[in-house]
Amino acid sequence: MDAKNILNEARSLNKRYNFFITINESFLEEPFLKKASGKNAKPSGKNYNEKVKLISVKDNICTKGLRTTAGSKILDNYVPVFDATVIEKIKGKYGVVGKTAMDEFGFGSFSTNCAFNVPKNPLDETRTCGGSSGGGAGYTYLSKYSDSSIGESTGGSISCPAAFCSVVGITPTYGLVSRYGLIDYANSLDKIGTFGKTVKDAVKLLNHIAGYDKKDSTSIKKTKEDYEKYLGKNSKLKIGIIKEFSNGEGISKEVEKEFWNGVKKLENEGMNYDEISFSLTDVFIPTYYIIAMSEASTNLAKYSGIRYGASDELKGTFNEYFSHVRSNNFGKEAKRRILLGTFMRMAGYRNAFYIKALKIRSLIINEYKKLLKNYDVFPKFSEIEKLSPVEAYMSDLLTVGPNLAGLPMISVPVKKDRPIGMHFIADHLQENKIIQIGDFYERIR
Ligand code: GLN
C-alpha cells in the first residue's frame with residue numbers, strides 16, 4: 001500500500017464531506033510508518049509499514065505538534081506541546097490521519113455547532129453525521145484505509161454519531177480510559193471511546209487506549225483486560241428493556257420496528273428479555289444539562305485571551321479585554337452554555353440547581369445499578385431520519401442517562417448501511433458484556 005493514497009483519500013473525502021478540521025499532512029514523516037528503519041531510510045509513501053493501522057482522532061484530544069481546536073475558533077491556532085495519554089498509548093501501532101470535525105467543545109448532538117465546516121453524513125450528504133463526534137464516525141464509515149477512530153462522549157457523543165453514520169461506537173465506563181490531554185467539556189462526564197467499522201475494530205482500538213494513568217486522578221486502578229477475548233462468544237445474557245423508552249413515544253415507526261426486530265432476533269438465539277420500568281427518565285435531560293453546563297462554564301473560563309488560544313491587542317481593563325476576546329471567538333451555543341452554567345452555580349442558585357442535580361444524579365446511578373443486578377444489558381436506539389424537535393430531544397434522552405451514570409455502552413448498526421443503532425448498556429466495568437452482546441448482535445442481525 002502506498003501511504004500517499006491514505007492522505008489523498010483523506011483530502012478528497014474532506015473536500016466532499018468535511019470530516020476533518022485538520023489533516024495530518026506530516027503523516028508520512030512519522031518514523032514508525034516506515035518498513036525500512038535505520039538512519040538513512042527516507043520517509044516515503046512506498047515503504048509504508050502495513051502493520052501500522054490508521055485512525056482519526058476527535059479534535060478535542062491533544063496531539064503534539066498537530067493543531068487541536070476542539071471545534072472552536074478560540075483554539076484556531078492551538079498546537080499542543082504534548083500528547084494526550086491515549087495518543088501516547090497508540091504510538092507505533094496506529095498512525096493519526098487527522099483531527100475530526102465536532103461541535104464546538106462537544107456542545108451539540110448534530111455536529112452543526114461548528115466553528116469550522118459542518119461534516120456531512122456519508123449515507124446522505126444532505127443530512128447530519130450526528131454529534132458531537134460526527135467527523136470521526138463519518139470518516140470511519142467511508143475510509144478504505146482506516147477502520148477505527150477515537151471519539152469522546154459527555155452525554156452521547158459516541159453512540160449518537162455511530163448510529164447516524166452506521167458504524168459501531170463504544171463508550172467505556174467513566175475512568176477506564178485516561179482523560180489526560182482531553183480538552184474538557186464536563187469533567188465528571190467526559191469519556192474517551194472508540195468507533196469501528198465493526199465491533200472488532202472498535203474493540204481492538206479500545207484495548208490499546210484503556211488502562212490506568214496516574215496523570216488522570218479519575219482514572220480507575222484496575223488490571224488490564226484483553227477485550228478481544230469477548231468477541232465470538234455465544235453466551236446468553238439477560239436483557240432488560242426500559243419501557244419508558246420503548247413505547248414508541250416520540251420515536252419514528254421505522255426505528256421502533258427495527259428495535260423490536262433486533263430484540264426478537266436476540267430472543268430467537270436464546271436470550272431472554274423483560275420489560276422493566278425506570279422511574280427517573282423524566283429528569284434525565286434537566287439533570288444532565290445542569291451538570292454539563294455548570295462544569296462547561298468553569299472549564300471555559302481559562303480561554304481569556306491570555307494563556308490559551310485566540311488573543312487580541314491588549315486594550316481596556318482586564319474585564320473588557322476578556323469579554324472582547326470571548327465575544328469574538330466563542331460560538332452562539334458556547335455562549336449560551338457559559339451564561340446558563342454560570343447562572344446555575346451562582347451563590348444563591350447553586351443549591352436549587354447544581355447541587356440538586358448532583359443529588360438526582362446519585363439517584364439515577366443507584367437505580368441503574370439496582371436494575372443491572374438483575375439484567376446484563378439494556379438495549380436502546382437512536383436515528384437520524386426526519387428528526388422532529390421531539391425526536392431530536394429523544395435522541396439525547398436515550399443517551400444522557402447512562403452517560404450521567406458513567407456506564408459502558410455500545411451502539412451497533414441494525415443493518416449494514418442503515419443509520420439506526422441498537423444500543424446496549426451494562427453496569428460499571430462490564431465492557432465484557434456490551435462487547436459480547438454487540439458482537440453477537442452484529443453476527444445475527
Ligand atoms: N448532546 C449533548 C450535549 O450537547 C451531548 C454531547 C456530548 O456528548 N459531547 O451536551
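This is a predicted model, so every value here is computed, not measured. Ligands are counted one by one from 1 in listed order, and the atoms in each one are counted from 1 as well.
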Geometric class of the Y94/H208 ring pair [parallel <30°, tilted 30-60°, perpendicular >60°]: perpendicular

Heavy atom of R337, distance to ligand 1 below 4.0 Å: yes

Contact atoms of ligand 1, heavy-atom distance to T154 under 4.0 Å: 7 (C), 8 (O), 9 (N)

Gap between atom CD1 of I74 and atom CG of L300 - 0.5 Å precision: 8.0 Å

Aromatic ring pairing F110/F164, orientation class (parallel under 30°, perpendicular over 60°, tilted between): tilted

Flag if over 12 foreign heavy atoms under 6.0 Å of NZ, K265: yes

Ligand 1 versus T399: contacting region, heavy-atom distance under 4.0 Å: neither

Ring pair (Phe, Tyr, Trp, His ring centres under 6.0 Å) partners for Y308, two or more places apart: none

Closest protein heavy atom to atom 1 (N) of ligand 1, given as residue, atom name and distance to 0.1 Å: S109 OG, 2.8 Å

Closest candidate by heavy atom, reference atom 2 (C) of ligand 1, pool Y185, Y289, F107: Y289

Protein residue, atom and distance nearest to atom 5 (C) of ligand 1, heavy-atom basis: Y288 OH, 3.3 Å

Proximal ligand 1 atoms for S157, defined as those under 4.0 Å from one of its heavy atoms: 6 (C), 7 (C), 8 (O), 9 (N)

Aromatic plane relationship, F343 with F353 - under 30° parallel, 30 to 60° tilted, over 60° perpendicular: tilted

Ligand 1 atoms in contact with G155 (distance to a heavy atom under 4.0 Å): 5 (C), 7 (C), 8 (O)

Which segment of K191 sits under 4.0 Å of ligand 1 when only heavy atoms are counted: neither

Non-hydrogen atom of G108 closer than 4.0 Å to ligand 1: yes

Ligand 1 N/O within reach of E152 N/O, cut-off under 3.5 Å: no

Positive for ring-ring contact (aromatic ring centres under 6.0 Å, His included) with F107, one of Y185, F330, Y289: Y185

Pairing residues for Y174 by the ring pair (Phe, Tyr, Trp, His ring centres under 6.0 Å) criterion, not counting sequence neighbours: none

